[in-house]
Amino acid sequence: FKKDISEEAGQHFRERETQIIRIPASEIEENVLDKIENLRFKSTTRGESLFKVTLLKAFLSSPHALIETLIHRMKNIQKNIDDKKGDIEYQSADRNMLQDLKSIAEKVLLDDFSKLKEFKTQLLNIGWSGKKASPRVIVFSERIITLKLLQDYFLAEFGLKKETIDLFHAGLPDIEQQRIVDDFGKGDAKVRMMLATDVASEGVNLHYHCHNMIHFDIPWSLIRMEQRNGRVDRYGQENKSLIQYLMTVSKNKNVKSDLRVLDRL
């Protein structure tokens, strides 16, 4: 642990500042959370709770991630119906229920996406504009579709060129992944934000010109969380690292209960 070798490391270990930012869900987001909580599947009870958690985690990433998850599940249900596997009536009811949830999720516009608005506020607070003088920032999410949403939104919002915001995920060729990491380690590179999945959370040095990190969604794993933090809060960092956790919070008592794991983490 850092504390065990702090005397030997001296100034090469900087202090870490962490901020947990709790963001009240918007009215339409509360509607989606209520709908997820009240899902009752007819075709099976096995795995129902786990799938509801999957939907909750997807929505806590972004409405787009929830919609993507719903579309995938509905396609699987429809395939079973077409192949006449299982109870057709119950599976049709489940598909229709998920379609209703998808319709509500599609009503969450960018202006209703509370975490996105708070994210922009925090970027402005650290002086980020995407221009050359902006501090660099690393943003983690578990869902690629969420990262693509953030990239498109901030390129348009700040009028930036695509080279300013890099998208880093396992689906990229190895050469492109290495190019992104190398650019982020160069002081003269134009990139000002790296949007990354957890493929960037292990064994990647990103601290040379960056000390700002934002967890846009929080992994339900303490180890994964600390692996992310270690990209900037590491030996040789010359500045105090600012690490921020963005948490959407709900008024729904049952949803609050489901989110206790994030509070503990």
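For the numbers below, each heavy atom of this structure counts, side chains included, while hydrogens, waters and symmetry mates do not.
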K.L.:
Would you indicate whether the side-chain heavy atoms of Met213 and Leu206 approach each other to under 4.5 Å?
P.N.:
no
K.L.:
Around Leu109, counting heavy atoms of other residues, nucleotides and ligands shown, do more than 12 lie under 6.0 Å from its CG?
P.N.:
yes
K.L.:
With a 4.5 Å cut-off on side-chain heavy-atom distances among I, L, V, M, F, W and Y, is there a chain of contacts connecting Ile145 to Leu116?
P.N.:
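Hydrophobic grouping puts Ile145 apart from Leu116.
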K.L.:
Roughly how far, to the nearest 0.5 Å, is the CD1 atom of Ile28 from the NZ atom of Lys107?
P.N.:
6.0 Å
K.L.:
Just how far is it from atom NZ of Lys240 to atom CD of Glu15, taken to the nearest 0.5 Å?
P.N.:
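The CD atom of Glu15 is 7.0 Å from NZ of Lys240, to the nearest 0.5 Å.
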K.L.:
I'd like to know if the side chain of Lys117 reaches the main chain of Asp112, judged simply by a donor and an acceptor atom lying under 3.5 Å from each other, with no hydrogens or angles considered.
P.N.:
no
K.L.:
Would you say Arg143's side chain and Ala65's backbone share a donor-acceptor pair under 3.5 angstrom?
P.N.:
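Yes, because the side chain of Arg143 sits within donor-acceptor range (under 3.5 Å) of the backbone of Ala65.
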K.L.:
Atom CD of residue position Glu176 - does it have more than 12 heavy atoms of other residues, nucleotides or ligands inside 6.0 Å?
P.N.:
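Yes - once you tally the heavy atoms of other residues, nucleotides and ligands closer than 6.0 Å, there are more than 12.
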K.L.:
Give the minimum heavy-atom separation between Glu30 and Lys251, together with the two atoms involved.
P.N.:
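Shortest heavy-atom contact: OE2-N, 2.8 Å.
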K.L.:
Can you tell me if Leu222 has over 12 outside heavy atoms packed within less than 6.0 Å of its CG?
P.N.:
yes
K.L.:
What's the shortest heavy-atom distance between Ser129 and Ser134, and which atoms?
P.N.:
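Ser129 and Ser134 have their closest heavy atoms at N-OG, 2.8 Å.
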K.L.:
Please report the closest heavy-atom contact between Leu172 and Leu167, naming both atoms and the distance.
P.N.:
CD1-O, 3.1 Å
K.L.:
In Å, rounded to the nearest 0.5 Å, how long is the span from CZ of Arg231 to CG of Asn205?
P.N.:
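It is 7.0 Å, given to the nearest 0.5 Å.
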K.L.:
Please determine whether residues Val261 and Leu50 belong to a single hydrophobic cluster, defined as Ile, Leu, Val, Met, Phe, Trp and Tyr linked transitively by side-chain heavy-atom distances below 4.5 Å.
P.N.:
no
K.L.:
Would you mind reporting whether His207 and Glu238 have side-chain heavy atoms less than 4.5 Å apart?
P.N.:
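In short, these two side chains do not touch, never coming nearer than 4.5 Å.
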K.L.:
A side-chain contact here means heavy atoms from C-beta on lying under 4.5 Å apart; do Phe158 and Thr164 qualify?
P.N.:
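With C-beta onward as the side chain, the pair stays apart.
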K.L.:
So, using salt bridge (charged side-chain N to carboxylate O under 4.0 Å, His left out) as the criterion, who are the partners of Glu89 when residues are at least two apart?
P.N.:
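Once residues adjacent in sequence are excluded, Glu89 has no partner under the salt bridge (charged side-chain N to carboxylate O under 4.0 Å, His left out) criterion.
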K.L.:
Does some side-chain heavy atom of Asn125 sit less than 4.5 Å from a side-chain heavy atom of Gln122?
P.N.:
yes
K.L.:
What's the verdict on side chain to side chain contact (heavy atoms under 4.5 Å, CB included) for Glu106 and Ile67, showing C-alpha distance, side-chain angles and the deciding distance?
P.N.:
CA-CA 7 Å; Glu106 289 171 340; Ile67 292 168; 3.6 Å; yes
K.L.:
Measure across Val137 and Phe184 and return the closest heavy-atom pair with its distance rounded to 0.1 Å.
P.N.:
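Here Val137 and Phe184 meet closest at O-CZ, 3.9 Å.
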K.L.:
Can you check whether Leu265 reaches Tyr245 side chain to side chain, under 4.5 Å on heavy atoms?
P.N.:
no
K.L.:
Between Arg22 and Asp263 (salt bridge meaning N to carboxylate O under 4.0 Å), is one present in this structure?
P.N.:
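Salt bridge: yes.
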K.L.:
Does the side chain to side chain contact (heavy atoms under 4.5 Å, CB included) test come out yes or no for Leu160 and Phe154, once each step is laid out?
P.N.:
CA-CA 8 Å; Leu160 304 172; Phe154 286 106; 5.6 Å; no
K.L.:
Can you tell which of Leu56, Thr248, Ile218 makes a side-chain contact (heavy atoms from CB on, under 4.5 Å) with Leu259?
P.N.:
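Single side-chain contact (heavy atoms from CB on, under 4.5 Å) partner of Leu259 among Leu56, Thr248, Ile218: Leu56.
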K.L.:
Counting only N and O atoms by type, is there a donor-acceptor contact under 3.5 Å from the side chain of Glu142 to the main-chain atoms of Trp220?
P.N.:
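No; judged by distance alone, with no hydrogens or angles, the pair does not exist.
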K.L.:
If the condition is salt bridge (charged side-chain N to carboxylate O under 4.0 Å, His left out), which residues does Asp233 pass it with, not counting sequence neighbours?
P.N.:
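Salt bridge (charged side-chain N to carboxylate O under 4.0 Å, His left out) check on Asp233 returns Lys2, Arg16.
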K.L.:
Would you say Val191 ends up clustered with Val232 if hydrophobic residues are merged whenever their side chains have heavy atoms under 4.5 Å apart, either directly or through other cluster members?
P.N.:
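Yes, same cluster.
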K.L.:
Using only heavy-atom distances, determine whether the side chains of Ser114 and Ser26 contain a donor-acceptor pair under 3.5 Å.
P.N.:
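No donor-acceptor contact under 3.5 Å links the two side chains.
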K.L.:
Among the clusters formed by ILVMFWY side chains lying less than 4.5 Å apart, do Ile126 and Ile138 turn up in the same one?
P.N.:
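No.
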K.L.:
Verify whether one side chain among Asn229 and Glu226 offers a donor that lies under 3.5 Å from an acceptor in the other.
P.N.:
yes
K.L.:
May I ask you to decide whether Asp87 forms a salt bridge with Lys42, counting only side-chain N to carboxylate O separations under 4.0 Å?
P.N.:
no
K.L.:
Just verifying a value: how many Å separate Leu55 CG and Leu60 CG, rounded to the nearest 0.5 Å?
P.N.:
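Rounded to the nearest 0.5 Å, the CG-CG separation comes out at 11.0 Å.
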K.L.:
Please report the closest heavy-atom contact between Glu37 and Arg40, naming both atoms and the distance.
P.N.:
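Nearest pair, atom of Glu37 first, then Arg40: O-NH1, 3.1 Å.
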K.L.:
Would you check if Leu123 and Met193 make a side-chain contact, meaning some heavy-atom pair closer than 4.5 Å?
P.N.:
yes
K.L.:
Within the supplied structure, the quantity of interest is the number of heavy atoms (other residues, nucleotides, ligands) at a distance under 6.0 Å from Asp182 CG; does it exceed 12?
P.N.:
yes
K.L.:
Are Phe216 and Met247 connected in a single hydrophobic cluster, I mean Ile/Leu/Val/Met/Phe/Trp/Tyr linked by side-chain heavy atoms less than 4.5 Å apart?
P.N.:
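They do not share one cluster, since no chain of ILVMFWY contacts under 4.5 Å joins Met247 to Phe216.
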K.L.:
Is there side-chain contact between Phe168 and Val181, with heavy atoms separated by less than 4.5 Å?
P.N.:
yes
K.L.:
Minimum heavy-atom separation for Phe113 and Ser61, please, with both atom names.
P.N.:
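What the structure gives for the nearest pair is CZ-O, 3.7 Å.
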K.L.:
Considering residues, nucleotides and ligands other than Lys148, do more than 12 of their heavy atoms fall under 6.0 Å from its NZ?
P.N.:
no
K.L.:
Can you tell whether the side chains of Lys115 and Glu29 come within less than 4.0 Å, N to carboxylate O?
P.N.:
no
K.L.:
Do any N or O atoms from the side chain of Arg224 and from the backbone of Pro219 form a donor-acceptor pair under 3.5 angstrom?
P.N.:
no
K.L.:
May I ask you to decide if Lys256's main-chain N or O and Arg260's side chain share a donor-acceptor pair within less than 3.5 Å?
P.N.:
no
K.L.:
Taking only residues two or more places apart in sequence or in another chain, which ones pass salt bridge (charged side-chain N to carboxylate O under 4.0 Å, His left out) with Glu157?
P.N.:
Lys120
K.L.:
How long is the gap from CG on Asp34 to CG on Asn254, to the nearest 0.5 Å?
P.N.:
9.5 Å
K.L.:
State whether the number of non-hydrogen atoms from other residues, nucleotides or ligands found under 6.0 Å of Arg264 atom CZ is greater than 12.
P.N.:
no
K.L.:
Go through Arg73 and Thr54 one step at a time and tell me if the side chain to side chain donor-acceptor pair (under 3.5 Å) criterion holds.
P.N.:
CA-CA 11 Å; Arg73 182 61 171 245; Thr54 298; over 6 Å; no
K.L.:
NE2 of His64: more than 12 outside heavy atoms within 6.0 angstrom?
P.N.:
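Counting neighbours around NE2 of His64, 12 or fewer heavy atoms of other residues, nucleotides or ligands fall under 6.0 Å, so no.
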K.L.:
Can Asp82 and Gln78 be counted as having a side-chain donor-acceptor contact under 3.5 angstrom?
P.N.:
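Judged by distance alone, the side chains do pair up.
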K.L.:
Look up atom CD1 in Ile36 and atom NZ in Lys57, then write down how far apart they are to the nearest 0.5 Å.
P.N.:
13.0 Å
K.L.:
For residues Arg136 and Met194, determine if any side-chain heavy atom of one lies less than 4.5 Å from a side-chain heavy atom of the other.
P.N.:
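In short, these two side chains do not touch, never coming nearer than 4.5 Å.
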